[in-house]
Asks: 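One structure, pasted below without further comment.
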Amino acid sequence: MLIGFAAGFATVLFRLSISALQALIYGADDVTLASTASNLPWYWVLTVPVIGGLIVGAILHKYTPDGRGRSVAHVIKGVALDDGRVEGKSGLASAFASLVTLSMGGSTGREGPVVHLGAVISSKVSRLINADGMTGRNLMGCAAAAAVSASFNAPIAGTIFALEVVLRHYAIQAFAPIVIASVAGTIVSRQSFGDLTEFDLPTVSLQFYGELPAFLLLGLLSGLVAVVMMRSIFIAEDFGDKVQAYLNMPPWLRPAVAGFGLGAIAIAFPHIIGVGYETTFNALNGNITFWTAVIFIVVKVIAVALTFAGRMGGGIFSPSLMVGALTGLAFGWVANGLVPFAESYVILYALAGMAAVSAAVLGAPISTTLIVFEITGDWQTGMAVMVAVSLSSALAGRLIHRSFFLSQLERVGIKISAGPQEYLLTTLSVVTLMKDADADYTDLIEAGQYLDITATLDGAMPLFENSGHRTLPVLSRGAVIGVLHEVDALRAFNQALVETAREEHA
């Protein structure tokens, strides 16, 4: 409960800080930012993101070892590999960098930073009480649930998000504390902003069951859009790395260069600035025409990819909601124009598209569906939303094989998507399992069949298999300090699997 309140307060403070800075810089909040920015001088719209990029670059360069902001992906890594702990100093620096990004022209979301900020709080508590792995993971799930529920006023979705995305299992022993924390986060949000849904929409319903095939097609389209969005981000990041290396650009300057690109885009398309809730709201109310929606989708994807490529910080959830709402709206205009029995108003398609794209990006079909229901207050559109979400998630899973967060980890060599049978090997250190050397291993060392003192079973098991040996020497600075027996490695791996299964099924 205490972690839930703390994560809730951190989320509310983060949100209020963004609003205060946006009001100071642009003279608007999330609800009016795009329309207000369109009336500002072009040089102001261009310059603000560049200044924001310089501030972000300085923060991340000084307080993170790799100059990258922390996000939900790092929370998932902390749960899987680090007994429910994340970095403290880097996490706080990343939160502040994301705050600057979202307030000064960046095109990302606030949910990722607040989830990681909650994880920083839970990690501090875990270290203070010397929590074991299971307790640390559960406390991190509590923090994530509270952050999501406080951000969206969505306690049910916050709970399922923590289980589905962060812990990646539905153990009963984790359910009760996560529910309590999620409710605590919601209480903080409602005390601060009232018991209001994020988007106030007119009531709509599925008018004719024969229209459901249209939502199947929307689901497939949303899955393709989600894949394009994710791959665009990764392609942009790789291109940014090449440009930085080619120009020998200092890392701290990279966010400012991206900020210049964002500012240039925002002169013509101010809807890309910030979280984008004004555009999302207009899409969900059917206030955007077909071609405008299509153009906004393309420009928003480019802006999000540029923000991530510039390592400016922020999350992917809000951008996926916006792109999804625009995708559904554009599809709805076509469906209403071409299909005689497509009787539902276009905002139902916008709502289903918002859920479908974000579910495919996050790899979280259940919690995303619930979030959409809770932030709109509309539970009457369940069949349409569920049909679209199921098809988008299935198609995206075929094309990209993992969610955005797990893809981020995969790109830096952290393989969590395959399950504990793969990532647990990286948690078992060779030095903790080795025994005293009892023979001469010169031949093996000369053949390159040895292990370094820093190695884990992730590197040891393939070497056992490829070499055919049952014992491998462990070296430190060229000297043999012990040996690892294959049977000991297998026993340790098996025990780790047993403990994981016991936790997940408790």
Asks: Tell me, with the steps shown, if Leu329 and Ile347 meet side chain to side chain contact (heavy atoms under 4.5 Å, CB included).
Replies: CA-CA 6 Å; Leu329 178 65; Ile347 63 176; 5.7 Å; no

Asks: Under 6.0 Å between the ring centres of Phe96 and Tyr63?
Replies: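 No.
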
Asks: Quick one: are the ring centres of Phe14 and Phe9 less than 6.0 Å apart?
Replies: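 Phe14 vs Phe9: aromatic centres not under 6.0 Å.
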
Asks: What's the shortest heavy-atom distance between Val50 and Ala256, and which atoms?
Replies: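 The answer is O-CB, 3.9 Å.
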
Asks: Would you call Asp238-Arg231 a salt bridge at under 4.0 Å N-O?
Replies: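 Answer for the salt bridge query: no.
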
Asks: If you define the side chain from C-beta out and look only at heavy atoms, does anything of Lys300 sit under 4.5 Å from Met229?
Replies: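 In short, these two side chains do not touch, never coming nearer than 4.5 Å.
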
Asks: Between Gly141 and Ala162, which heavy-atom pair has the shortest distance, and what is it?
Replies: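 Minimum heavy-atom separation between Gly141 and Ala162: O-CB, 3.3 Å.
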
Asks: List the atom of Thr159, the atom of Val179, and the distance in Å for their closest heavy-atom pair.
Replies: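 Closest heavy-atom pair between Thr159 and Val179: CG2-CG2, 3.7 Å.
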
Asks: Would Thr289 and Thr292 count as having a side-chain donor-acceptor pair, cut-off 3.5 Å?
Replies: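 Yes - a donor-acceptor pair under 3.5 Å links their side chains.
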
Asks: Do the non-hydrogen side-chain atoms of Phe404 and Val72 ever get within less than 4.5 Å of each other?
Replies: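 The answer is no, as the side chains (C-beta and beyond) never meet within the 4.5 Å cut-off.
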
Asks: Checking Thr101 side chain against Met312 main chain: does a donor-acceptor pair fall under 3.5 Å?
Replies: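 Pair found, side chain donor or acceptor close to backbone of Met312.
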
Asks: Quick one: pull up CD1 in Ile316 and OG1 in Thr108 and give me the separation to the nearest 0.5 Å.
Replies: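 Result: 8.5 Å between the selected atoms.
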
Asks: Give a yes or no on whether the backbone of Ala356 and the side-chain of Ser392 come within a donor-acceptor separation of less than 3.5 Å.
Replies: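 Side chain of Ser392 to backbone of Ala356, a donor-acceptor pair under 3.5 Å: yes, one is there.
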
Asks: Between Asp66 (side chain only) and Arg68 (backbone N and O only), is there a donor and an acceptor less than 3.5 Å apart?
Replies: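 Pair found, side chain donor or acceptor close to backbone of Arg68.
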
Asks: What I'd like to find out is whether the side chain of Pro155 reaches to under 4.5 Å of the side chain of Glu374, using heavy atoms alone.
Replies: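 The answer is yes, as the side chains (C-beta and beyond) meet within the 4.5 Å cut-off.
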
Asks: Does the side chain of Gln22 come under 3.5 Å of the side chain of Ser103 through a donor N or O and an acceptor N or O?
Replies: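 No, no side-chain donor-acceptor pair sits under 3.5 Å.
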
Asks: Where do Val75 and Ala119 come nearest, in terms of heavy atoms and distance?
Replies: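 Between these two residues, the closest heavy atoms are CG2-CB, 3.8 Å.
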
Asks: For the residue pair Arg110 and Phe317, would you count it as a cation-pi contact if the rule is NZ or CZ under 6.0 angstrom from the ring centre and within 45 degrees of the ring axis?
Replies: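 No, cation not above the ring by the 6.0 Å, 45° rule.
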
Asks: Please examine the side chains of Leu21 and Leu102, heavy atoms only from C-beta on, and report whether any two atoms are closer than 4.5 Å.
Replies: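 Side-chain contact under 4.5 Å: no.
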
Asks: Apply the test side chain to side chain contact (heavy atoms under 4.5 Å, CB included) to residues Tyr43 and Val48: give CA-CA distance (whole Å), side-chain angles for both, the deciding distance (0.1 Å), then the verdict.
Replies: CA-CA 9 Å; Tyr43 55 84; Val48 168; over 6 Å; no

Asks: Indicate yes or no: at least one non-hydrogen side-chain atom of Leu262 is less than 4.5 angstrom from one of Ile273.
Replies: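 They are not in side-chain contact.
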
Asks: Any side-chain to backbone donor/acceptor pair from Ser98 onto Ser94? Under 3.5 Å, distance only.
Replies: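 Pair found, side chain donor or acceptor close to backbone of Ser94.
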
Asks: Begin with the C-alpha distance, continue with both residues' side-chain angles, and end with the deciding distance and a verdict on side chain to side chain contact (heavy atoms under 4.5 Å, CB included) for His169 and Val79.
Replies: CA-CA 11 Å; His169 63 73; Val79 166; over 6 Å; no

Asks: Could you tell me whether Arg70 and Glu87 make a salt bridge, using a distance below 4.0 angstrom between a side-chain N and a carboxylate O?
Replies: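 Looking at Glu87 together with Arg70, the answer is yes, because their closest N to O distance falls below 4.0 Å.
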
Asks: What are the two closest non-hydrogen atoms of Gly263 and Pro49, and how far apart are they?
Replies: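 Scanning both residues, the minimum pair turns out to be CA-CG, 3.8 Å.
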
Asks: Just how far is it from atom CE of Met140 to atom CD1 of Ile3, taken to the nearest 0.5 Å?
Replies: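 Spacing of CE (Met140) from CD1 (Ile3) equals 9.5 Å.
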
Asks: Got Glu111 and Phe152 here, is their nearest side-chain heavy-atom distance under 4.5 Å?
Replies: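 Yes; the side chains approach each other to less than 4.5 Å.
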
Asks: Has the side chain of Trp44 got a donor or acceptor atom that lies under 3.5 Å from a matching backbone atom of Ile25?
Replies: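 Such a contact is found between Trp44 side chain and Ile25 backbone.
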
Asks: Are side-chain heavy atoms of Phe175 and Tyr170 found at a separation under 4.5 Å?
Replies: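 Contact flag for Phe175/Tyr170 side chains = no.
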
Asks: Any chance you could measure Ile59, atom CD1, to Leu92, atom CG, to the nearest 0.5 Å?
Replies: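 These two atoms lie 11.5 Å from each other.
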
Asks: Just by distance, do the side chain of Glu278 and the backbone of Ser35 share a donor-acceptor pair under 3.5 Å?
Replies: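 Yes: the side chain of Glu278 pairs with the backbone of Ser35.
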
Asks: How long is the straight-line distance from CG of Leu217 back to CG of Leu391, given to the nearest 0.5 Å?
Replies: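 It comes to 8.5 Å.
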
Asks: Please examine the side chains of Val257 and Met249, heavy atoms only from C-beta on, and report whether any two atoms are closer than 4.5 Å.
Replies: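 Side chain of Met249 against side chain of Val257, heavy atoms only: contact under 4.5 Å found.
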
Asks: If you look at every heavy atom in Ile178 and Asn138, which pair is closest and at what distance?
Replies: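 Shortest heavy-atom contact: CG1-O, 4.2 Å.
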
Asks: Is there a donor-acceptor pair closer than 3.5 Å between any side-chain N or O of Arg311 and the backbone N or O of Gly57?
Replies: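 Side chain of Arg311 to backbone of Gly57: no pair is present.
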
Asks: Please report the interatomic distance CD(Glu164) to OG1(Thr368), rounded to the nearest 0.5 Å.
Replies: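 It comes to 6.5 Å.
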
Asks: Should we say atom CD of Gln173 is surrounded by more than 12 heavy atoms from elsewhere, each under 6.0 Å from it?
Replies: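 For Gln173, atom CD is crowded (more than 12 foreign heavy atoms under 6.0 Å).
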
Asks: Indicate yes or no for a side-chain donor-acceptor contact from Trp333 to the backbone of Gly286 under 3.5 Å, with no hydrogens or angles considered.
Replies: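 A pair under 3.5 Å: no.
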
Asks: Between His271 and Phe296, how do the two ring planes meet: parallel, tilted or perpendicular, split at 30° and 60°?
Replies: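 Rings of His271 and Phe296: parallel, under 30°.
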
Asks: First locate atom CD1 of Ile400, then atom CG of Leu395, and finally report the distance between them rounded to the nearest 0.5 Å.
Replies: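 Atom-to-atom, Ile400:CD1 and Leu395:CG are 11.0 Å apart.
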
Asks: Counting only heavy atoms not in Phe5 (residues, nucleotides, ligands), do more than 12 fall under 6.0 Å from its CZ?
Replies: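 Atom CZ in Phe5 is crowded, with more than 12 foreign heavy atoms closer than 6.0 Å.
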
Asks: Check for a donor-acceptor pair, side chain of Ser358 on one end and backbone N or O of Ser320 on the other, with a separation under 3.5 Å.
Replies: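 Not at all, since once roles are kept as given, no pair shorter than 3.5 Å links the two residues.
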
Asks: Please lay out, stage by stage, how Ile55 and Met104 fare under the test side chain to side chain contact (heavy atoms under 4.5 Å, CB included).
Replies: CA-CA 10 Å; Ile55 297 172; Met104 301 185 69; 4.2 Å; yes

Asks: Quick check against the 3.5 Å criterion: does Ser318 have a side-chain atom that pairs as donor or acceptor with the backbone of Gly109?
Replies: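 No, Ser318 side chain to Gly109 backbone: no donor-acceptor pair under 3.5 Å.
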
